[in-house]
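A short write-up of the structure that comes next.
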Amino acid sequence: MSMDKRFDPKSYEGHWQQRWAEMGIFVCEAPSSRPSFCIMIPPPNVTGKLHMGHALQSTLQDLLVRWKRMQGYNALWLPGTDHAGIATQLMVERQLVREGTSRAALGREAFLERTWAWKKQYHGNIRRQLDLMGASCDWTRERFTLDEGLSMAVREAFVRLHAEGLITRGEYIVNWSPALGTAVSDLEVEMKPVRGKLYHIAYDVDGSGERIVVATTRPETMLGDTAVAFHPDDERYRHLIGKFAILPLVGRRLPFVADAKVEKDFGTGLVKVTPAHDAFDFELGRRHGLPILGVIGRDGKMTVAAGAQFAGLDREAARALVVETLRAEGRLVKVEEHEHNVGHSQRSGEPIEPLISTQWFCDVSGMAARALEAEKDGTLRLIPESWGKTWEHWLANIKPWCISRQLWWGHQIPAWFRRDGTFVVARSREEAVELAGTDELEQDPDVLDTWFSSALWPFSTLGWPEQTADLATFYPTNVLVTGFDILFFWVARMVMTGLHFTDRVPFSTVHLTGLVRDADGQKMSKTKGNVVDPESLIEEHGADALRFTLALLDAPGRDIPLDPERMAGYRAFGNKIWNAARFVLEPTAEAPAKVGNARVQSTLDVATLGLPERWILSRLSRTAAEVEQKFTDFRFDEACNQLYHFFWGELCDWYIEFCKPVFAGTVAEAERPRVGEVLLTVLDRALRLLHPVMPFLTEEIWQRLPGHEAIHPETICLAPFPTPVAEWESDEHEARMASVMELVTRVRALRTERKISAKTKTRLYLAGAGPLLETLRAQAPLVKALCRLEAIELGSPPAGAVLDSLAGVEFALVPEAGAKEAPAPVVAVLDGQLVQLRDEIARAEARLADESFVSKAPARVVEGNRARLAELRERYSRLAAGAGE
RNA sequence: GGGAGGUUAGCUCAGCGGUUAGAGCACCUGCCUUACACGCAGGGGGUCGCGGGUUCAAAUCCCUCACCUCCCACCA
């Protein structure tokens, strides 16, 4: 099976995804004798499209799962989707509007049918895109937040929380989104600075000639005012206690109340109090037992309670009319420009209207305390750790969670109302009828916040509340990979419900990723038009390149600037791997492959191997150790860097070059035995190390390695993840080889500096003494090949040769006599080097002359400096001698 | 108002107490050396935001300041 010269990821990626699915290798067992490892996918919107954030998170999740699977774990990556209440409902509603109809016209039942049809139509998209990414999900366990099992879990959770008194129904001030027609939670409100006005309005004090001035940014709410407040210590207003203000336009008498939450220094120090339309005023009103008077309706328009003059007007129009009327009455004292924060609906963008409404609330304070504790005592680990403070602060100040939504698409609240307005909470209608003692019941029309069902995701997907084998096997899960933007929306709530219902944290580690930004560090957004679609990147460069790029850029606590050029660079890495494999496996005239009849070895006795073989095996073992450690530490960026450097910088740049003279017969087989086996073994293990990041390419090549079946009969996905081999590691061999490589680099540099063309036949003279010279003598044929030399001579060079030195070895380059290009003495280059060397020598001398350094620094460091100084001096004298010629 | 993070090569970022600060891309020079031009070899480029301090030694630890991101927060 020869390899195509062209590196084309598309030619094999789809094929392997299909093959893996057919093999069923990602399907997990429960129960299992193997240790389990489990990751739950953060369920994407069922009708959505995967964006770069998903691509990043999927890459990291898949990397972890593939790694653990190769380590022999029963590794489950459970896929699924979210019904995404508001988002999906809005999409369907928009479609209806285009068809000239509406949600209201259809009615609840027909609308839900439409939405389910919509869901069915788009559902396959997510799987298709995850398949493109190479995701190794167990699709037999796929879940959807609205499927029967999860719905049962949702009802169970609701019933239990209600029984415990943690879920209650009540009238409270909520964040109302007039455009969406539903209440939303605090988290769904986004504060945005708005340039508004601060209106100063004069009120009369009843029964005295006194006039007071209140300041407000929302004059239209005055129609619902029920008090005027000031700070208890405010000398200016103390005398007003017991008195009443007359509300302009309305004439209502408003009591004065003193409250410590009022800021003395803002405005006039007097606050108009509208308990029905401001959270601050609502709380204040509660403390003082003030009446609540709603004047703005759910549609954002003024109600009849606002008075005949204003009823029916939009909020903005009412404001204008109120201001106009006040001005006409001479009560508008002053209008100032004023920038302040206004809550906006995250989903629809319009200003939130705080208003009183009957909703379901979940008291999460107890669960929050446990979630906070879990993070503090290390049961739950956040990565990066810096999120700990944010976590603690949010949970310590948590408020009741408004869990009901006035929508249709979602889990309908399992509460049934009797005719008299009382209700029962139950798991089903049957249970409700039994509890209520009547079948004249109507279920609460509202649905639950989408995040309520997502909060149960880690265990509801495994069958909870049933004690299933899956739950016993995979729960608690191990790692959660998600974006920090849903830390509160989702992560915190999963931890809370997990602790509450299962007494366990649902996952021990949360890896929070940054945001994927564009090449210029800008947030990707549709309006900016800089959104990069993962599918198009896969189309262009392949999934492996995308995965490698994302994993490599995932530095903790940082956003990820995705530069297509950089990604092209990692595609080139794939090309490099492809071609390295081609070199190794290329058929020759005599053999089926360059490596002859060699096969991948599962163990290798290194004792009889040559120096380059010892070197690469030692480097391989250390890379394996490093990669394993970095994966364990969630440093995918460093692991990938390591792999990149090993494969390209060591295996390709050096070791393959070391092999060429052997294959060419320039170096005797006897001196470098079993090169083919070593090369294949290194390639096999390197591919296995890379597999979690680049699954397709590694499988495609690995399948072609002679002898791979002995590692695993079917697939690299199940082949063991390489572990370090202590017997292969050798500082001594690494050091010896490193100095040979250093010499090769120096010789090449000299050649370039002296402009000795590659075609000019050149001799290298080596003289001196020491271990390096011995090594070089042994490796002479190799050095000759790597430096493209005509010959290597031992002994003093003829006069006039180019001289340098390294570790006790003097070396000189001598171009063939009569060569076309004379060795142009590049004086400038040499001078520059000499100056640099002199500076370095001076610095080293100064350091060593410093007594405190010599006495206080560790001996190791001092020794290192001494050795370096000696080396620098030697080099300097050689170069200076050369320059003097 | 609280909190987190950032400021290192032209760009995007690693490094976070030890000798000569790295990578990818970009740039310069020379090469199609039969695995790879998605390449090879060699090279240029940084007073590590400013100012102090601790230390034999500071991008690295501490403090001040400046500028940039982001999160949380009931000054109407």
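Chain A is the first sequence line, chain B the second, and so forth, proteins listed ahead of strands; every chain is numbered from 1.
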May I ask you to verify if any side-chain N or O of [X] is less than 4.0 angstrom from the OP1 or OP2 atom of [N]?
{"X": "A/Lys576", "N": "B/C40", "answer": "yes"}
{"X": "A/Arg788", "N": "B/G42", "answer": "no"}
{"X": "A/Trp654", "N": "B/C40", "answer": "no"}
{"X": "A/Lys399", "N": "B/C74", "answer": "yes"}
{"X": "A/Lys5", "N": "B/C36", "answer": "yes"}

For this session: Using a 90° cut-off around 0 for syn, call B/A26 syn or anti.
Result: anti
Please determine, for the side chain of [X], which listed nucleotide ([options]) has the closest atom?
{"X": "A/Tyr570", "options": "B/G18, B/C70, B/G24", "answer": "B/G24"}
{"X": "A/Lys389", "options": "B/G39, B/C56, B/G3", "answer": "B/G3"}
{"X": "A/Arg748", "options": "B/A41, B/A35, B/A76", "answer": "B/A41"}
{"X": "A/Ser386", "options": "B/G39, B/C56, B/A4", "answer": "B/A4"}

Exercise. Should A/Lys197 and A/Glu337 count as an ion pair when the cut-off is N to O under 4.0 Å?
Worked result: yes
Exercise. Is any NZ, NE, NH1 or NH2 atom of the basic residue among A/Asp234 and A/Arg236 found under 4.0 Å from an Asp or Glu carboxylate oxygen of the other?
Worked result: yes
Work out how far the [atom1] atom of [N] is from that of [M], and round it to whole angstrom.
{"N": "B/G24", "M": "B/C61", "atom1": "C1'", "answer": "30 Å"}
{"N": "B/A59", "M": "B/U19", "atom1": "P", "answer": "10 Å"}
{"N": "B/A21", "M": "B/U8", "atom1": "C1'", "answer": "8 Å"}

Exercise. So, does A/Asp544 use its side chain to make a donor-acceptor pair with the main chain of A/Leu697 at under 3.5 Å?
Worked result: yes
Problem set entry | Main-chain N/O of A/Phe7 paired with A/Asn575 side-chain donor or acceptor, under 3.5 Å | no
Could you tell me how far apart [X] ([atom1]) and [N] ([atom2]) are, to the nearest whole angstrom?
{"X": "A/Asn397", "N": "B/G3", "atom1": "CG", "atom2": "P", "result": "13 Å"}
{"X": "A/Asn641", "N": "B/G24", "atom1": "CG", "atom2": "C1'", "result": "9 Å"}
{"X": "A/Leu553", "N": "B/G15", "atom1": "CG", "atom2": "P", "result": "13 Å"}
{"X": "A/Lys660", "N": "B/C36", "atom1": "NZ", "atom2": "C1'", "result": "9 Å"}

Exercise. Considering every strand shown, what is the Watson-Crick or G-U wobble mate of B/C56 when both distances are under 3.5 Å?
Worked result: B/G18
Problem set entry | Polar pair under 3.5 Å, donor/acceptor by atom type, side chain A/Arg582, base B/C36 | no
